[in-house]
2 protein chains.
Amino acid sequence: MEKSELLKIVGKRIKEIREDKGLSQVDLVGKIDGNIDTTNISRIESGRTNPTIFTLHRIAEGLDVSLQEIMNFGKPEN
Amino acid sequence: MEKSELLKIVGKRIKEIREDKGLSQVDLVGKIDGNIDTTNISRIESGRTNPTIFTLHRIAEGLDVSLQEIMNFGKPEN
DNA sequence: TTCCATCTTGACATATTTGACAAGTCAAGA
DNA sequence: TCTTGACTTGTCAAATATGTCAAGATGGAA
């Protein structure tokens with residue numbers, strides 16, 4: 001899979017989970033440990049940046065889901 | 001979860017899968033698209049670096065597993 | 001011991017993520 | 001129209017991931 005494709009898929013997955021939980025980006029940031037702001041959430045959700053695993057981990061925690069759930073986008077052959 | 005703890009867990013998981021498949025780091029690098037070398041594999045496996053999702057994706061592809069499988073380390077509450 | 005394969009570690013340059021702030025866009029509603 | 005909330009986008013500095021090379025450590029086999 002191409003880099004930009006992966007980043008878009010991961011971003012969409014995060015946005016999907018966040019919206020399912022009825023959270024705004026500001027809400028999410030408020031639930032995340034340490035410093036992070038909506039600028040980064042926005043860039044990650046739109047696939048414009050290639051986040052580190054630790055950043056994704058903090059987002060997952062804020063969303064109350066596992067990292068595995070964020071990676072849950074079909075592609076069994078991956 | 002702490003950053004260093006997460007990185008160690010992810011690293012161990014990658015090393016575990018790689019060794020289960022009987023691959024050396026050099027073997028793995030040979031199966032990965034684009035540039036990557038054993039230096040990075042070693043640093044990631046030992047948790048000394050915080051890899052981006054795309055780097056993990058390429059490693060997963062080289063190991064013939066999904067990203068989800070690499071994130072498969074207990075912690076349902078995460 | 002000497003080789004050899006494997007892995008780790010340090011140093012370095014480059015690229016990019018991250019955090020922070022400001023400004024812009026857009027839609028909904030008063 | 002004006003305001004407000006939500007999100008996007010640009011810029012900047014600081015931190016760090018990545019790629020590369022070289023050297024060191026380790027263990028096994030000859």
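All of these numbers come straight from a predicted model, not from anything done at the bench. Quick note on labels: first sequence line is chain A, next is B, and so on, each numbered from 1.
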> For B:Asn40, which contact category applies under a 4.0 Å heavy-atom criterion: base, sugar-phosphate, or nothing?
Replying inline: base

> How many angstroms lie between NZ in B:Lys21 and CD1 in B:Ile17, if you round to the nearest 0.5 Å?
Replying inline: 7.5 Å

> Who is the Watson-Crick or G-U wobble partner of C:dA30, with both distances under 3.5 Å?
Replying inline: D:dT1

>> In whole Å, I'd like the distance from the CD1 atom of B:Ile59 to the P atom of D:dT18.
In response: 8 Å

>> By nearest heavy atom, map B:Leu23 and B:Thr52 onto DNA chain C; which one lands nearer the 5' end?
In response: B:Leu23

> What about B:Thr39: does its side chain form a donor-acceptor pair under 3.5 Å with the base of D:dC21?
Replying inline: yes

>> Does D:dT8 have OP1 or OP2 under 4.0 Å away from a side-chain N or O of A:Gln25?
In response: yes

> How many Å lie between CG on A:Asn50 and P on C:dT17, as a whole number?
Replying inline: 5 Å

>> It should be established whether A:Asn35 places a side-chain nitrogen or oxygen under 4.0 Å from OP1 or OP2 of nucleotide C:dT18.
In response: no

>> Using a 4.0 Å heavy-atom cut-off, does B:Ile41 contact any base of the nucleic acid, only the sugar-phosphate backbone, or nothing at all?
In response: nothing

> Quick one: CZ on A:Arg43 to OG1 on A:Thr39, what's the gap to the nearest 0.5 Å?
Replying inline: 5.5 Å

> Quick one: CZ on B:Arg13 to CZ on B:Arg18, what's the gap to the nearest 0.5 Å?
Replying inline: 13.5 Å

> Which whole-number value in Å describes the distance from B:Ile44 CD1 to D:dT16 C1'?
Replying inline: 13 Å

>> Under 4.0 Å, heavy atoms only, any strand: does A:Thr55 hit a base, just the sugar-phosphate, or nothing?
In response: sugar-phosphate

> For the pair made of CG in A:Leu28 and P in D:dC7, what is the distance, rounded to whole Å?
Replying inline: 10 Å

>> As a test of reading the structure: which of D:dT8, C:dT18, C:dG10 is closest to the side chain of A:Pro51, going by heavy atoms?
In response: C:dT18

> For B:Ile36 and C:dA15, what is the distance between atoms CD1 and C1' respectively, to the nearest whole Å?
Replying inline: 15 Å

> Nearest 0.5 Å, what's the CG-CG distance between A:Leu67 and A:Asn72?
Replying inline: 12.5 Å

> OP1 or OP2 of C:dT17 sitting under 4.0 Å from any side-chain N/O of A:Thr49?
Replying inline: yes

>> Let me confirm one number: the CD-CD1 distance from B:Gln25 to B:Ile36, rounded to the nearest 0.5 Å.
In response: 10.5 Å

> Within the pair B:Arg58 and D:dT18, is there a side-chain N or O less than 4.0 Å away from OP1 or OP2?
Replying inline: no

>> Output the rounded distance in Å from CD1 (B:Ile53) to P (C:dT18).
In response: 11 Å

> Hey, what do you get for CD1 (A:Ile14) to CG (A:Leu56), rounding to the nearest 0.5 Å?
Replying inline: 5.0 Å

>> Please determine whether a side-chain nitrogen or oxygen atom of B:Arg18 lies at a distance below 4.0 Å from atom OP1 or OP2 of C:dT6.
In response: no

> How many Å lie between CG on B:Asp37 and P on C:dG10, as a whole number?
Replying inline: 16 Å

> So what does A:Arg48 hit on the nucleic acid, given a heavy-atom distance under 4.0 Å: a base, only sugar-phosphate, or nothing?
Replying inline: sugar-phosphate

>> Rounded to whole Å, how long is the line connecting atom CD of B:Glu19 with atom C1' of C:dA5?
In response: 14 Å

